[in-house]
A.B. asks: 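Can you keep this structure in mind? I'll have questions shortly.
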2 protein chains.
Amino acid sequence: MTESESASVDLEIIVQGAQEGKKLELRLWLRMLSTTKLISQEIRRRLRNEFGATLPQFDLMAQLYREREGLRLGELSKRTMVTNGNVTGLVERLEADGLVLRVTPDGDRRVTVAKLTAKGETSFSAMAAAHEGWLRDMMADVDPAIVSELWRDIGAVKSSVSNHLSGTDFD
Amino acid sequence: MTESESASVDLEIIVQGAQEGKKLELRLWLRMLSTTKLISQEIRRRLRNEFGATLPQFDLMAQLYREREGLRLGELSKRTMVTNGNVTGLVERLEADGLVLRVTPDGDRRVTVAKLTAKGETSFSAMAAAHEGWLRDMMADVDPAIVSELWRDIGAVKSSVSNHLSGTDFD
DNA sequence: GGACGATATTTGAAATGTCAAAGGTTTGGA
DNA sequence: TCCAAACCTTTGACATTTCAAATATCGTCC
């Protein structure tokens, strides 16, 4: 009994080891990373060519588009996963282009709230429509059922990662 | 949890349809992107804290570690998915730290080959071992079968994206 | 052997990114 | 009241990133 069981286990180990070495998680990570880079670069190129915008600007405007009242810079920083200092510069440039407005509310003068201007909303909604289409095109060869499955399972990965962060996590 | 499975599935579908409607690909992309950012930032932090290294440096050294003869900068650029100009600066800093060496082969003086020094190999192999462990830890809550499945299905995404890139096009 | 196109890398400008430290502002006790 | 801790944003020093233009070298065609 131990003989047959251990034999099949050994075989699995051997096959896996022979074909790919080991480190399943590492291989998944490398593939996720390269795929994400590939898509990012394509989106970046198209945003640039068709709208003269950058990806970080698009991401930031996407957050503001969903919150028409505007967002504090710290909140923007969390949602875009970009550091505070970086948000400052991004908003500065967007404001210079007339796409975003900065306001300090009366209640608390430590705070700066960023908000899309009318021009910003128009500009973003055109980009968003195109952006969605690009993604559909790029993933056109993937079975929708697989897309759903990936969405779910990557959620599991994200959740696992969130629970094993070293520094100050929680949110 | 107290409800039957089919009821909760229906509910999910309804909620999903009502709240987000369509855009499955868009939602997958946003989740992939945020998950990748999360993992990247964690690795970045640990590389910095434990080894005083940066992620791009680690990535570049990883390529050189697999090619002990060294790589031309253009090849490095392709493999790391980083632009040529960027590789120049990365290699410069790594050379200043004594981790990488630059050589111009006799045959072709246009070419620069980068190669890990002994110090670079030692340094990288310590980082690589830790790096692999971090990924295993971060993904510890994900079923290995799911990890395999993700690896395969993300491969399908990557392949689809590769087939729908806008080369040099016009408007 | 000299001009030309193809290759390979570097450079320069601008934007994005991190981190740590410094600025203001509020708030909550003593 | 007053001051120290907490909060929010900006600043400053660097590293990374992209793109486009500039350099440098090779190979070839004549």
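Letters A, B, ... are given to chains in the order of the sequence lines, protein chains preceding strands, and every chain is numbered from 1. All heavy atoms count here, side chains included; hydrogens, waters and symmetry mates do not.
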A.B. asks: Can you name the residues that form a salt bridge (Lys or Arg N to Asp or Glu O under 4.0 Å) with A:Arg31, not counting sequence neighbours?
C.D. replies: none

A.B. asks: Give the rounded distance in Å between these two atoms: CD1 of A:Ile43 and C1' of D:dT18.
C.D. replies: 16 Å

A.B. asks: Do A:Glu75 and A:Arg72 meet the salt-bridge criterion of a basic N to acidic O distance under 4.0 Å?
C.D. replies: no

A.B. asks: In whole Å, what is the span from the CZ atom of A:Arg44 to the P atom of C:dA14?
C.D. replies: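 Atom CZ in A:Arg44 sits about 19 Å away from atom P in C:dA14.
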
A.B. asks: Please list, chain by chain and in numerical order, all residues satisfying salt bridge (Lys or Arg N to Asp or Glu O under 4.0 Å) with B:Arg44, sequence neighbours excluded.
C.D. replies: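 Per chain and number, B:Arg44 pairs via salt bridge (Lys or Arg N to Asp or Glu O under 4.0 Å) with no residue.
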
A.B. asks: Filter on ring pair (Phe, Tyr, Trp, His ring centres under 6.0 Å), then keep only pairs touching residues 59-98 of chain B, sequence neighbours left out; what's left?
C.D. replies: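 Listed by first then second residue: B:Tyr65-B:Phe124.
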
A.B. asks: Starting from C1' on C:dA20, measure out to CG on B:Asn49 and report it in whole angstrom.
C.D. replies: 13 Å

A.B. asks: Could you state the CZ-C1' distance from B:Arg48 to C:dG17, rounded to the nearest angstrom?
C.D. replies: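 It is 12 Å, rounded to the nearest whole Å.
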
A.B. asks: Could you state the atom-to-atom distance from CZ of B:Arg45 to P of C:dC19 in whole Å?
C.D. replies: 7 Å

A.B. asks: Could you tell me which residues satisfy salt bridge (Lys or Arg N to Asp or Glu O under 4.0 Å) with B:Glu121, sequence neighbours excluded, listed by chain and number?
C.D. replies: B:Arg68

A.B. asks: Strictly under 4.0 angstrom, non-hydrogen atoms only: write out the protein contact profile of nucleotides 6-11 of chain D, one letter per nucleotide from the 5' end, B, S or -.
C.D. replies: -BSBBB

A.B. asks: List in chain and number order the residues that pass side chain to side chain contact (heavy atoms under 4.5 Å, CB included) with A:Asp106, two or more places apart in sequence or in another chain; answer none if no residue qualifies.
C.D. replies: none

A.B. asks: Identify whether any heavy atom of B:Leu90 sits under 4.0 Å from a base atom; if not, whether one sits that close to sugar-phosphate; answer base, sugar-phosphate or nothing.
C.D. replies: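 Sugar-phosphate: the residue B:Leu90, judged by heavy atoms under 4.0 Å, touches backbone atoms but no base.
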
A.B. asks: Rounded to whole Å, how long is the line connecting atom CD of B:Gln41 with atom P of C:dG17?
C.D. replies: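 Atom-to-atom, B:Gln41 to C:dG17, this comes out as 10 Å.
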
A.B. asks: For residues 98-120 of chain A, pull every pair meeting ring pair (Phe, Tyr, Trp, His ring centres under 6.0 Å), keeping only residues two or more places apart or in separate chains.
C.D. replies: none

A.B. asks: Are there any protein N/O atoms within less than 3.5 Å of an N/O atom in nucleotides 1-5 of chain D, and if so, which ones and at what distance?
C.D. replies:
none

A.B. asks: Just checking B:Thr83: base, sugar-phosphate only, or nothing, at a heavy-atom cut-off of under 4.0 Å?
C.D. replies: base

A.B. asks: Find the distance B:Lys78:NZ to C:dA8:P and express it as a whole number of Å.
C.D. replies: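 Distance, rounded to whole Å: 7 Å.
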
A.B. asks: Any salt bridge between A:Glu25 and B:Arg136, counting N to O under 4.0 Å?
C.D. replies: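 Judged by the 4.0 Å cut-off on N to carboxylate O distance, A:Glu25 and B:Arg136 do not form a salt bridge.
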
A.B. asks: Only counting residues at least two apart or in another chain, list the ones meeting salt bridge (Lys or Arg N to Asp or Glu O under 4.0 Å) with A:Asp108.
C.D. replies: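 Per chain and number, A:Asp108 pairs via salt bridge (Lys or Arg N to Asp or Glu O under 4.0 Å) with A:Arg110.
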
A.B. asks: Can you list, by residue number, the residues of residues 57-67 of chain A that have a non-hydrogen atom closer than 4.0 angstrom to DNA chain D?
C.D. replies: none

A.B. asks: For the side chain of A:Arg109, starting at C-beta, report the closest nucleotide among C:dT26, C:dG17, C:dC19.
C.D. replies: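 The answer is C:dT26.
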
A.B. asks: Holding to side chain to side chain contact (heavy atoms under 4.5 Å, CB included), I want the full list of residues that pass it with B:Asp137, two or more places apart in sequence or in another chain.
C.D. replies: none

A.B. asks: What is the distance from CZ of B:Arg46 to P of C:dT18, rounded to the nearest Å?
C.D. replies: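 Those two atoms, CZ and P, are 17 Å apart.
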
A.B. asks: Not counting sequence neighbours, which residues clear side chain to side chain contact (heavy atoms under 4.5 Å, CB included) with B:Val147? List them please.
C.D. replies: A:Leu24, A:Leu28, B:Val142

